[in-house]
Amino acid sequence: MAPKSDSAEGIVLNFVNEQNRPLNSQNAADSLQKFNLKKAAVQKALDNLADSGKISFKEYGKQKIYVARQDQFDIPNNEELNQMKEENTKLQEQLDEQKKAIAGVEGEIKALQSNLTLEEVQAKQVKLGKEVKQMEEKLIKLRQGVTLVSPGERQAVEKMYMDTVNQWRRRKRMFKDIWDAITENSPKNLNEFKEELGIEYDEDVGVSLQSYGELMQHGKKRARAH
């Protein structure tokens, strides 16, 4: 008599037949955890099924290997096997075609998603139109010789520039006083001493305090000329 399908033996028998491959009790217990069957219950069910001849088993040392009885399955002949292979080939071809079709549709969807909607295009057109108008107005002013920097902004930049140059001049003077005091009675070669300390003069890096000061004076002369 076949065990009930919802009993432990029924669940284990159904699993062994579905798998139709060699299994030990641990394999079965791991796979049947979803049925809340513990390993001891699975082991007992396997042994009962084997003793009643519903499944086959072989012992390898202390371990038992269980497998579904093969006489319950219809084994196809060569003609049936060839027919199954042909059907499998056709199904594989159909699957490949379906995959290509799906890939094509997904590509079209991505392309459509990357395109702007009509509302987005119109909004972008308005925004770009405003930007173009602003640039055209600036261009007209530049062609007419209109200064786009206000007097207040110009004065603020000039003040910041002069403060920076004056700070540079003061620090340069402070360094010279300190350097002269240190090297006044030093027996060392001053150039070698400077290199040893990693000191660089303005001239060593190609800058001149005087040229920056003169630049500001030239700027003031041009401003007065205008």
Side-chain angles (χ1 to χ4, degrees), residues 1-138 198 205:
M1 181 177 177
K4 293 182 179 180
S5 61
D6 58 348
S7 66
E9 287 187 18
I11 292 171
V12 172
L13 177 60
N14 186 53
F15 173 74
V16 172
N17 287 335
E18 283 182 351
Q19 294 296 307
N20 193 23
R21 62 184 176 86
L23 299 164
N24 59 30
S25 59
Q26 188 63 56
N27 299 145
D30 290 343
S31 299
L32 296 174
Q33 286 181 357
K34 59 185 178 181
F35 294 101
N36 296 320
L37 292 178
K38 298 189 180 297
K39 184 180 178 182
V42 172
Q43 181 69 68
K44 182 180 178 181
L46 286 168
D47 289 338
N48 289 341
L49 292 168
D51 291 342
S52 63
K54 292 182 175 64
I55 62 174
S56 302
F57 79 96
K58 286 187 179 181
E59 293 190 46
Y60 295 91
K62 294 182 179 181
Q63 189 176 43
K64 289 183 179 180
I65 301 298
Y66 304 89
V67 68
R69 287 185 54 167
Q70 299 302 300
D71 57 5
Q72 65 180 314
F73 300 114
D74 292 330
I75 300 175
N77 55 34
N78 288 337
E79 184 179 349
E80 291 172 331
L81 282 173
N82 290 333
Q83 185 178 356
M84 290 169 66
K85 287 180 181 179
E86 290 178 2
E87 291 177 355
N88 184 61
T89 301
K90 290 179 181 178
L91 289 172
Q92 187 62 49
E93 291 174 353
Q94 292 176 8
L95 178 61
D96 292 340
E97 290 176 1
Q98 289 295 324
K99 285 181 177 179
K100 289 180 182 178
I102 291 170
V105 172
E106 288 177 345
E108 291 179 6
I109 291 172
K110 287 180 180 179
L112 290 172
Q113 288 175 340
S114 64
N115 292 332
L116 297 175
T117 63
L118 179 59
E119 290 79 8
E120 290 172 334
V121 170
Q122 290 173 341
K124 195 164 187 177
Q125 184 179 13
V126 172
K127 182 183 177 184
L128 290 173
K130 289 180 180 178
E131 291 177 358
V132 169
K133 186 176 180 181
Q134 290 173 355
M135 284 188 264
E136 286 176 344
E137 289 173 354
K138 285 185 178 181
V205 292

Asker: How many angstroms lie between CG in Leu13 and OG in Ser7, if you round to the nearest 0.5 Å?
Answerer: 9.0 Å
Asker: Are side-chain N/O atoms of Gln70 and Asn20 paired as donor and acceptor at under 3.5 Å?
Answerer: yes
Asker: Does the side chain of Glu18 pick up a donor-acceptor pair with the side chain of Asn14 at under 3.5 Å?
Answerer: yes
Asker: When the side chains of residues 124-133 are checked against the rest of the protein, which donor-acceptor pairs come out under 3.5 Å, sequence neighbours left out?
Answerer:
none

Asker: Pick one: which of Val16, Val42, Leu37 meets side-chain contact (heavy atoms from CB on, under 4.5 Å) with Ile11?
Answerer: Leu37
Asker: Given Val12, which partner from the list Asn17, Asn48, Leu46 fulfils the side-chain contact (heavy atoms from CB on, under 4.5 Å) test?
Answerer: Leu46
Asker: So, using side-chain hydrogen bond (donor to acceptor under 3.5 Å, both in side chains) as the criterion, who are the partners of Glu59 when residues are at least two apart?
Answerer: none
Asker: Has Glu79 got more than 12 heavy atoms of other residues, nucleotides or ligands less than 6.0 Å from its CD?
Answerer: no
Asker: Sub-3.5 Å donor-acceptor pair from the side chain of Gln72 to the main-chain atoms of Arg69, do we have one?
Answerer: yes
Asker: List for me each residue that meets side-chain contact (heavy atoms from CB on, under 4.5 Å) alongside Ala50, sequence neighbours excluded, and say none if there are none.
Answerer: Ile55, Phe57, Tyr66
Asker: Got a list of side-chain donor-acceptor pairs under 3.5 Å for residues 89-103, not counting sequence neighbours?
Answerer:
from  : atom 1 : to    : atom 2 : distance (Å)
Thr89 : OG1    : Lys85 : O      : 2.9
Gln92 : NE2    : Asp96 : OD1    : 3.4

Asker: Do any N or O atoms from the side chain of Arg21 and from the backbone of Val67 form a donor-acceptor pair under 3.5 angstrom?
Answerer: no
Asker: Provide the full list of salt bridge (Lys or Arg N to Asp or Glu O under 4.0 Å) pairs with a residue in residues 26-47, sequence neighbours left out, each pair given once.
Answerer: Asp47-Lys64
Asker: Quick one: list whatever passes side-chain hydrogen bond (donor to acceptor under 3.5 Å, both in side chains) with Asn88, sequence neighbours left out.
Answerer: none
Asker: Is Ser52 reaching over with its side chain to a backbone N or O of Leu49, donor-acceptor style, under 3.5 angstrom?
Answerer: yes
